[in-house]
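Accompanying notes for the structure given below.
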Amino acid sequence: MEALNAPRGTQDILPPDSALWVELEGIIRRVARSFVYEEIRTPLFEHSELFQRGVGSLTDIVCKEMYTFADQGGRSLTLRPEGTAAVARAYLQHNMANRGLPQKLFYLGPMFRYERPQAGRFRQHHQFGFEVLGAGEALVDVEVITVAIAVYRTLGIQRFTVLLNSIGCRNCRPNYLAILRESMTPHLDKLCSDCQRRHAGNPLRLLDCKNPSCQPYLDQAPHSAGNLCLDCRSHFQEVQRLLDLIALPFQLEPRLVRGLDYYTRTVFEVTSPDLGAQNALCGGGRYDDLVATLGGSPTPGVGFAGGLERALLILVGRRAMNSTPQPAAARPDVFLVHLGPEAQEKALLLSQELRQAGLAVDQSYDTRSLSSQLKIANRKNARYTVIIGENELRRGVAMVREMALGQQTEVTLTSLLAHLRTKG
RNA sequence: GUGGCUAUAGCUCAACUGGCUAGAGCGCUGGACUGUGGAUCCAGGUGUUGGGGGUUCAAGUCCCCUUAGCCACCCCA
């Protein structure tokens, strides 16, 4: 029988690393609270159609990276590759607009994409995301970007760049796409095969091409931000003005288009030079047509999602450099050592009582020698070891050993809790 | 989906151009210490050398296939 490993592109998060994840998740929740976003949890799988309609059936994510399967009832389901479509779906399904607008929501959890694993890229990875539904103001775009930055600043990540662009709306984009397509038509035979395909189907993605031989032509391509309608232009200008107002540096990136079809107007990414080839810490933008695409009434939306693994990659790298210690493993306040069957029973009763009082209590489970039980207490880094032997039991006392000092005192069982408490 | 590099004990790594029973440190378990941890000493490894096939008198070492990891393309978080 061959041993089974975790599937390709997935990973086990073991202690003590799991403590780091809890810490990171805590920071995200704290930022959410400070900006007053509420948590939403949606299923890990959805009807495949949600992503086809929401994310776009021509996108790489949908057409070649989804984990899609038929369930026993013949439904086509897909492990969620991203979070925004499901949030929009839930917003619509539960008429969340009735709670008042805008709805400010955040989520945290695993996403699934069938991709070749690489530095900072996995088949199951974890994202946190913030979404605002029902508000179209530029102020909200700026708040969402600020939330992302707040998370990274709280984590102590200093080196990052905010990339910003606007890709227009349903009114002005068709016009821009026509201009873009036309500008590239003379060079079509010199562009790569991907670009030729994009030229026909999804010209916006032309700007995303990294093929060196295409760059000379794409560099001359007209910019979306230069071909916006009046409303989109003033929205984009307002976003930039407000970012300047709060002194948040950003870089205009005319070639930033993002790989999901639901975006309109503002798109942004935060990248880090400390990441490697997959350098996006988070990405997002406005999606004013998404809810309508899913069958709801027109509802503006804006949000972003960031990768937990990538944030962690920078965090652990930085901590290694500063030789910051790993978060301490779960540490018992009290470790109970017992000698003999009666002492074992007393230890069981005592552990209940001490835990009831809020102490972290661990104990030995077998009847090994005092020496080896103390070794366990030591390895677990217990603050106090409470030793109950038959002698102590007869006299109604226990030995309380303060491990760091190697000192122990005799305490009556009735005053044990009070004694441990005064020691803090 | 494409390419490059890699795979030896739980971890980090040895093993001359193919050659004896594949070793070391750390960790882990037990003991010395039958009621006192950390230090010290001693003992403890059936590792399918990732898996499969091939070449050879002989393969951890060479060849092929495969799986996985890392890195890059692509795309993104």
Side-chain angles (χ1 to χ4, degrees), chain A residues 1-11 14 55 59-66 80-84 108-129 148 151-152 192-195 197-198 205 208-212 256-260 267 269-272 275-284 304-314 335 337-340 343 364 366-393 398-408:
Chain A
M1 187 69 97
E2 201 165 315
L4 289 174
N5 292 331
R8 183 166 208 200
T10 69
Q11 51 193 163
L14 307 177
V55 177
T59 60
D60 281 13
I61 289 177
V62 171
C63 70
K64 45 189 214 199
E65 295 177 3
M66 295 210 302
R80 62 181 188 192
E82 62 98 51
T84 303
L108 197 58
M111 305 293 165
F112 307 87
R113 294 183 199 175
Y114 189 84
E115 293 187 280
R116 192 86 169 259
Q118 172 185 346
R121 195 172 74 182
F122 307 92
R123 290 187 171 178
Q124 174 177 323
H125 74 283
H126 297 77
Q127 287 185 7
F128 65 97
V151 169
Y152 297 122
C192 69
S193 57
D194 280 343
C195 281
R197 195 166 32 80
R198 290 166 181 145
R205 304 301 315 283
D208 222 10
C209 184
K210 275 106 185 167
N211 195 322
L256 178 66
V257 297
R258 315 263 316 138
L260 298 86
V267 291
E269 271 180 25
V270 179
T271 62
S272 164
L275 272 178
Q278 308 301 317
N279 66 350
L281 274 171
C282 71
F304 76 94
L308 296 193
E309 282 85 354
R310 290 186 188 176
L312 233 29
L313 219 50
I314 293 179
F335 190 92
V337 163
H338 47 76
L339 299 163
S364 169
D366 55 25
T367 53
R368 282 190 286 176
S369 68
L370 174 58
S371 174
S372 53
Q373 291 190 50
L374 271 170
K375 269 185 192 155
I376 296 168
N378 185 57
R379 194 183 58 233
K380 297 209 172 192
N381 198 20
R383 288 160 58 85
Y384 296 100
T385 299
V386 171
I387 303 167
I388 309 162
E390 307 195 312
N391 299 338
E392 286 81 5
L393 201 57
M399 304 301 296
V400 176
R401 185 172 181 82
E402 189 165 358
M403 297 301 278
L405 303 177
Q407 293 170 350
Q408 65 187 41

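Treat the numbers as computed from the prediction; the structure is a model and nothing was measured. We name chains A, B, ... by the order of the sequence lines, and we start the count at 1 in each one.
A distance of about 41 Å separates the C1' atoms of rC28(B) and rU55(B), rounded to the whole Å. Straight-line distance between the P atoms of rA22(B) and rU48(B): roughly 13 Å, to the nearest whole Å. Comparing the C1' positions of rA15(B) and rU49(B) gives an interatomic distance of 11 Å, to the nearest angstrom. Nucleotides rG1(B) and rU56(B), compared at atom P, are 35 Å apart to the nearest Å. Comparing rG69(B) with rU29(B), their P atoms sit 30 Å apart, to the nearest whole Å. Rounded to whole Å, the C1' atom of rA9(B) lies 7 Å from the corresponding atom of rG45(B). Taking atom P in both rC5(B) and rA58(B), one finds a spacing of 30 Å when rounded to whole Å. Going from the P atom of rC63(B) to that of rU6(B) covers 11 Å, rounded to whole Å.
Within the 4.0 Å cut-off from OP1 or OP2 of rA72(B), not a single side-chain nitrogen or oxygen of R121(A) is found. Note on Q118(A): a side-chain N or O is less than 4.0 Å away from OP1 or OP2 of rA72(B).
For residues 111-120 of chain A, the salt bridge (Lys or Arg N to Asp or Glu O under 4.0 Å) pairs, not counting sequence neighbours, are E115(A)-R121(A).
In this structure, Q278(A) places its CD atom 7 Å from P of rC73(B), rounding to the nearest Å. The separation between E115(A) atom CD and rC73(B) atom P is 13 Å, rounded to whole Å. Spacing between atom CZ of F122(A) and atom P of rG69(B) amounts to 10 Å, rounded to whole angstrom units. The interatomic distance linking I61(A) (CD1) with rG1(B) (P) rounds to 18 Å, in whole Å. In this entry the distance linking CZ of R8(A) with C1' of rC71(B) reads 12 Å, nearest Å. Rounded to an integer number of Å, the gap from CD of E65(A) to C1' of rC73(B) is 13 Å. Atom CG of L14(A) and atom P of rC11(B) are 11 Å apart (whole Å). Rounded to a whole Å, the CZ atom of F112(A) is 24 Å from the P atom of rC75(B).
Here the CD1-CG distance, from I387(A) to L339(A), works out to 8.0 Å after rounding to the nearest 0.5 Å. Atom CD1 of I314(A) and atom CG of L275(A) lie 4.0 Å apart (nearest 0.5 Å). To the nearest 0.5 Å, atom OH of residue Y114(A) and atom CE of residue M66(A) are 14.5 Å apart.
For the pair L275(A) and C282(A), nearest-nucleotide mapping onto RNA chain B gives the more 5' position to L275(A). Along RNA chain B, the nucleotide nearest G9(A) and the nucleotide nearest Y152(A) are compared for position; the residue whose nucleotide lies closer to the 5' end is G9(A).
Within 4.0 Å (heavy atoms only), E390(A) reaches at least one base atom of the nucleic acid. If you check every strand for non-hydrogen atoms under 4.0 Å, L281(A) touches sugar and phosphate atoms only. Counting any heavy atom pair closer than 4.0 Å across all strands shown, R310(A) reaches a base atom. Within the nucleic acid shown, R258(A) comes within 4.0 Å of sugar-phosphate atoms alone, with no base atom in reach, counting heavy atoms only.
Taking the side chain to side chain contact (heavy atoms under 4.5 Å, CB included) definition, one finds that K375(A) meets it with nothing, sequence neighbours left out. With sequence neighbours excluded, no residue forms a side chain to side chain donor-acceptor pair (under 3.5 Å) with N378(A). For S364(A), the side chain to side chain donor-acceptor pair (under 3.5 Å) partners are Q373(A), not counting sequence neighbours. Applying the side chain to side chain contact (heavy atoms under 4.5 Å, CB included) rule to L14(A) yields the partners D12(A); only residues at least two apart in sequence or on another chain are considered. Applying the salt bridge (charged side-chain N to carboxylate O under 4.0 Å, His left out) criterion to R197(A), with sequence neighbours excluded, gives D194(A). For E392(A), the side chain to side chain donor-acceptor pair (under 3.5 Å) test picks out no residue, with sequence neighbours left out. Not a single side chain to side chain donor-acceptor pair (under 3.5 Å) links E65(A) to another residue, sequence neighbours left out.
Considering only heavy atoms from C-beta on, S272(A) stays 4.5 Å or farther from Y152(A) through its side chain.
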In a table with atom names and distances, give each donor-acceptor pair under 3.5 Å that connects a side chain of residues 304-311 of chain A to protein atoms at least two apart or in another chain.
residue : atom : partner : partner atom : Å
E309(A) : OE1  : H126(A) : N            : 2.9
E309(A) : OE2  : H126(A) : N            : 3.2
E309(A) : OE2  : H126(A) : ND1          : 2.9
R310(A) : NE   : G120(A) : O            : 2.8
R310(A) : NH1  : A280(A) : O            : 2.9
R310(A) : NH2  : G120(A) : O            : 3.0

Tabulate protein N/O versus nucleotide N/O from nucleotides 2-10 of chain B, keeping only pairs under 3.5 Å, one per line.
residue : atom : partner : partner atom : Å
rU2(B)  : O4   : R116(A) : NH1          : 2.5
rG3(B)  : O6   : R116(A) : NH2          : 3.3

I need a per-nucleotide contact map over nucleotides 36-47 of chain B, read 5' to 3'. Cutoff is protein heavy atoms under 4.0 Å; write B for the base, S for backbone only, - otherwise. BBB---------

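Among the nucleotides rA77(B), rC74(B), rC75(B), the one closest to any side-chain atom of L260(A) is rA77(B).
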Could you provide the dot-bracket string of RNA chain B, using ( ) for intrastrand pairs, [ ] for crossing pairs and | for bases paired to another strand, with Watson-Crick or G-U pairs below 3.5 Å? (((((((..((((.....[...)))).(((((.......))))).....(((((..]....))))))))))))....

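I61(A) and P81(A) make their closest contact through CG2-CB, 3.7 Å (heavy atoms, listed as atom of the first residue, atom of the second, distance).
Checked by distance alone, N391(A) brings a side-chain donor or acceptor within 3.5 Å of a matching partner on the base of rG35(B).
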